[in-house]
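Data first, discussion second: the structure below is written as structure tokens.
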There are 4 protein chains.
Amino acid sequence: MSYGLLRGKKGIITGALDEKSIAWHVALRAYEEGAQILLTNAPVALRLGQPQALAEKLNAPLIPADLTQIPDIEKLYDEALRHFGGPVDFVLHSVGMSPNIRKGKSYPEIDYDFYQKTLDVSAISFHKMLQVGRRKGAFARGGSIVALSYIAAQRVFPKYGDMSDAKALLESIARMFGYFLGKELGVRVNIVSQSPTPTTAGTGIAGFEAMFDYANKMSPLGNASAAACADFVVALFSDLTRSVTMQTLYHDGGFSMMGIAEELLG
Amino acid sequence: MSYGLLRGKKGIITGALDEKSIAWHVALRAYEEGAQILLTNAPVALRLGQPQALAEKLNAPLIPADLTQIPDIEKLYDEALRHFGGPVDFVLHSVGMSPNIRKGKSYPEIDYDFYQKTLDVSAISFHKMLQVGRRKGAFARGGSIVALSYIAAQRVFPKYGDMSDAKALLESIARMFGYFLGKELGVRVNIVSQSPTPTTAGTGIAGFEAMFDYANKMSPLGNASAAACADFVVALFSDLTRSVTMQTLYHDGGFSMMGIAEELLG
Amino acid sequence: MSYGLLRGKKGIITGALDEKSIAWHVALRAYEEGAQILLTNAPVALRLGQPQALAEKLNAPLIPADLTQIPDIEKLYDEALRHFGGPVDFVLHSVGMSPNIRKGKSYPEIDYDFYQKTLDVSAISFHKMLQVGRRKGAFARGGSIVALSYIAAQRVFPKYGDMSDAKALLESIARMFGYFLGKELGVRVNIVSQSPTPTTAGTGIAGFEAMFDYANKMSPLGNASAAACADFVVALFSDLTRSVTMQTLYHDGGFSMMGIAEELLG
Amino acid sequence: MSYGLLRGKKGIITGALDEKSIAWHVALRAYEEGAQILLTNAPVALRLGQPQALAEKLNAPLIPADLTQIPDIEKLYDEALRHFGGPVDFVLHSVGMSPNIRKGKSYPEIDYDFYQKTLDVSAISFHKMLQVGRRKGAFARGGSIVALSYIAAQRVFPKYGDMSDAKALLESIARMFGYFLGKELGVRVNIVSQSPTPTTAGTGIAGFEAMFDYANKMSPLGNASAAACADFVVALFSDLTRSVTMQTLYHDGGFSMMGIAEELLG
């Protein structure tokens with residue numbers, strides 16, 4: 001299904017690791033809707049995932065970049081500006097990782113070097129992408145920037161650990177930068193707070209399956225799929241949402257508004 | 001501009017009074033996107049506004065209905081079911097009125113008969129539309145229902161008076177019914193909380209212009225227009241947003257996330 | 001335990017039906033803290049409950065009043081002004097009732113006459129108390145007004161039914177009136193959103209016990225008791241909180257900030 | 001005025017620099033209410049401020065500690081455990097600093113080493129205090145921990161810069177740790193989100209005076225003072241609030257609930 005919603009638009013998609021990635025779905029849907037795409041992945045993801053296959057399918061450049069490193073981000077935008085012959089209309093930030101969770105460290109007992117890494121990869125990378133992109137004039141007027149988050153930014157999911165803090169930080173960065181990019185360029189910045197999604201990263205969290213099932217029962221529409229998320233992000237990249245900015249938008253089948261699920265009782 | 005986002009869909013639009021109405025814009029855009037429309041207005045609006053002109057343009061039936069009256073709503077759905085030959089895919093609730101505001105009664109001094117009228121017209125009418133539609137099997141699986149609100153449901157705008165309470169009630173109704181319609185039919189129910197908009201109703205509020213200017217300065221993207229709102233509502237009616245439900249979505253140029261505007265300082 | 005927090009203060013407590021009532025606990029604690037109390041109850045509560053016993057214990061007048069009726073409220077303040085020899089320092093609104101819930105009507109199928117009654121008793125009565133009190137000069141400068149609510153005002157608890165809407169309306173009234181009373185008199189108005197509490201009213205809701213247990217497991221500190229709630233309300237009546245206003249304050253053992261409880265998983 | 005609210009309680013107060021500090025007021029009020037206090041300050045604050053004068057007045061030990069350094073925090077708790085002969089009942093975190101703001105770097109152009117410093121001092125220090133205190137068994141059952149924040153954690157105040165992100169992170173840490181300390185020890189953790197306050201740190205922000213005046217006009221009760229804030233924190237340390245946890249509590253004269261101030265129009 002294609003509506004041509006992104007015809008003529010150009011954008012950067014981060015974090016499309018494999019077919020389970022939300023970013024993978026977004027890249028595909030954006031392409032179907034007429035956009036030109038540039039993909040970027042961490043060098044390690046290039047080895048572990050299949051982004052090359054996606055890049056070929058979408059006829060998209062694939063630029064390796066560690067988004068915690070300013071020089072890598074500078075190179076990324078230089079490539080994008082050259083490839084597209086001008087600034088980009090949309091960006092998807094879909095990057096997150098917690099060494100504390102990987103090592104099984106519970107939230108009260110986190111290691112602070114790991115914590116720094118969690119924040120750097122999962123949140124501060126977004127600030128860096130926006131800072132460098134802004135400095136390089138890489139954002140077209142009226143563009144749209146989206147970052148993916150999770151409701152652990154607002155409420156406690158104990159096993160989500162220090163990623164909760166990273167997502168809270170990420171959402172603050174979106175609000176703050178949304179103000180400046182909005183005033184200067186009419187660019188909007190939003191957060192999509194997505195249902196638990198069985199991505200390669202997501203399923204690495206201890207007890208992911210229980211979290212997934214719980215949310216699925218709690219949500220009147222069930223958990224939102226990665227494919228549905230891609231549709232929603234496409235809507236946010238399109239001109240249909242040009243006055244929506246600085247928001248955390250729950251794409252979660254209604255989970256965020258539920259206080260109790262009958263299914264979970266007795 | 002048309003993407004065909006609503007091709008094959010059928011829906012009911014309330015409250016399209018004249019060209020300044022958000023509902024008018026939504027009806028037009030939904031029609032452009034391929035939907036079939038049925039319009040409904042209060043009998044008094046039929047005299048004061050120009051809904052007939054819109055009905056002709058969209059080749060849409062125009063059904064008079066007082067949405068505080070169950071028999072009127074029953075007749076409305078009967079007509080819709082007959083006209084469309086089946087249930088509807090979307091509904092827009094865009095109805096509101098406060099006799100207290102019209103009569104210049106400040107919030108602490110409201111008249112309680114007027115208050116009852118405010119709540120009945122502006123909020124309870126939504127419950128009645130959903131109750132009757134559900135009973136009559138008038139909502140198609142996977143459908144989308146939207147009601148228009150204002151941020152006075154969350155924060156104090158003194159001159160918005162008892163409409164603030166009505167909007168808070170309306171948003172609660174959307175959440176509650178969203179749960180039931182979601183579980184039963186996969187129907188989603190959302191609120192669009194729109195910037196102050198110079199509709200015929202809006203400009204009737206004392207000090208509307210000052211509110212409009214204030215919000216316009218506070219919002220990084222400026223106030224959202226009725227036309228942009230129509231685009232957003234179309235996105236919510238479309239299949240791009242099928243996992244978003246029970247939300248209050250701010251379509252406001254960023255107003256809701258601002259704490260201060262430099263422009264408003266000395 | 002008494003700290004003398006309310007020494008010299010005078011206040012009105014509504015809704016103290018029996019020993020399980022939160023209002024009963026608040027009245028007792030306020031008295032212990034040095035306040036003079038005036039109790040008021042609906043005539044029907046005077047028959048069903050034991051407010052006379054409380055009145056004697058606190059040496060407090062007990063004024064029958066139907067808080068949906070302006071003349072009753074006028075009489076209530078007249079008595080209070082005469083009894084105290086001046087305006088009151090605090091008011092507790094603790095009144096709620098839903099005929100729809102009593103009759104077992106599910107939210108989508110509510111009766112609208114009952115709904116009107118639910119809103120009138122549980123929310124609009126608060127507006128009336130504030131309107132009449134303000135008109136009669138019954139609120140002392142720097143006073144504190146509290147109404148009791150439940151998180152169903154923000155999130156969906158299906159069985160809480162139309163009381164959810166009533167609580168959303170109540171909280172909007174608190175915000176709005178908080179503005180006017182704050183500006184005019186330095187009076188603050190707050191909502192305490194309390195854990196499910198096994199009062200005579202609460203336990204009348206179908207499935208109350210399941211809701212109670214669920215919340216108890218979800219809340220890191222367990223459900224807040226009526227006695228703890230009374231302590232919190234006393235703090236809000238005291239001079240320790242004189243800059244807190246228009247807030248919904250969750251007194252719930254942390255429930256409102258939880259996304260998942262490990263205890264509820266498999 | 002003293003009620004004896006904290007009689008027999010012992011606590012740690014950070015960040016009392018001089019008479020304008022909120023922490024200074026909290027320490028004084030907690031002492032008046034019967035608590036024993038231990039003060040801690042960064043070594044630099046010991047030179048610039050007058051914490052010794054306060055320590056003498058309250059007969060309190062004053063422990064130098066850089067709260068970004070685990071060994072310093074360990075030493076702090078060791079001293080506290082020895083001095084009090086057991087665990088503490090309350091802790092106030094009142095520490096924040098942004099080199100980016102000091103150097104006049106606007107939010108989009110922050111330096112990332114400075115940013116790391118901002119987060120480390122203003123937010124991660126709180127996690128470290130809680131981690132080390134928990135590990136050392138330094139928190140008494142039923143204790144209460146409070147950190148000070150600002151509404152820039154939720155809404156955009158452009159000049160508050162990267163401190164906005166730090167406060168969002170701080171509030172997330174409070175929620176997360178509140179869960180664990182609540183479950184394990186019945187300890188509650190809350191955030192007090194305070195009006196702009198003319199502390200030595202606060203007035204260092206460019207345009208502080210304009211922010212202060214704006215908030216003062218917007219707030220129905222005017223800005224909350226440092227003295228009022230101390231009263232509120234004392235209430236949170238006391239047994240009156242033993243079921244309130246993981247909350248962001250606005251102590252702001254109503255600012256957070258206002259959408260517009262008539263005073264700011266025209």
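The structure presented is a predicted model; accordingly, all values stated were derived computationally and were not measured. Proteins come first, then strands; the chains are lettered A, B, ... in the order of their sequence lines, and each starts at number 1.
- Only the side chain of I70(A) comes within contact range of chain D, with at least one heavy atom under 4.5 Å from a heavy atom of that chain.
- Note: Y112(A) and Y115(A) have perpendicular aromatic rings, judged against thresholds of 30 and 60 degrees for the angle between ring planes.
- Of the two parts of K128(A), the backbone and the side chain both hold a non-hydrogen atom closer than 4.5 Å to a non-hydrogen atom of chain D.
- If you measure heavy-atom distances from I173(D) to chain A, the contacts under 4.5 Å come from both the backbone and the side chain.
- Among F84(D), F237(D), F139(D), the one residue that satisfies the ring-ring contact (aromatic ring centres under 6.0 Å, His included) test with F90(D) is F237(D).
- F157(D) and F255(D) have tilted rings, their planes meeting at an angle from 30° to 60° on a 0 to 90° scale.
- Proximity to chain D is absent for every atom of A123(A), based on heavy atoms less than 4.5 angstrom apart.
- Contacts between F177(A) and chain D at a heavy-atom distance below 4.5 Å involve backbone atoms as well as side-chain atoms.
- Chosen from L181(D), L170(D), D162(D), L169(D), the residue pairing most often with chain A at heavy-atom distances under 4.5 Å is L169(D).
- Salt bridge status for K136(A) with D78(A): present, with a side-chain N to carboxylate O gap under 4.0 Å.
- Ranking A152(D), S172(D), G161(D), A153(D) against chain A, the residue ahead of the rest is S172(D), based on heavy-atom pairs under 4.5 Å.
- For a residue to count as touching a neighbouring chain, one of its non-hydrogen atoms must lie under 4.5 Å from one of that chain's; by this rule Q116(A) touches chain D with the side chain only.
- Proximity to chain D involves both the backbone and the side chain of Y107(A), based on heavy atoms less than 4.5 angstrom apart.
- Checking N100(A) against S98(A) by side-chain atom types alone, no donor-acceptor pair falls below 3.5 Å.
- For the set R175(D), E171(D), M176(D), the entry with the most heavy-atom pairs within less than 4.5 Å of chain A is M176(D).
- Only the side chain of L119(A) comes within less than 4.5 Å of a heavy atom of chain D; its backbone N, CA, C and O stay farther away.
- By the neighbour-count criterion of 12 heavy atoms within 6.0 Å, atom CZ of R135(D) is densely surrounded, having more than that number from other residues, nucleotides or ligands.
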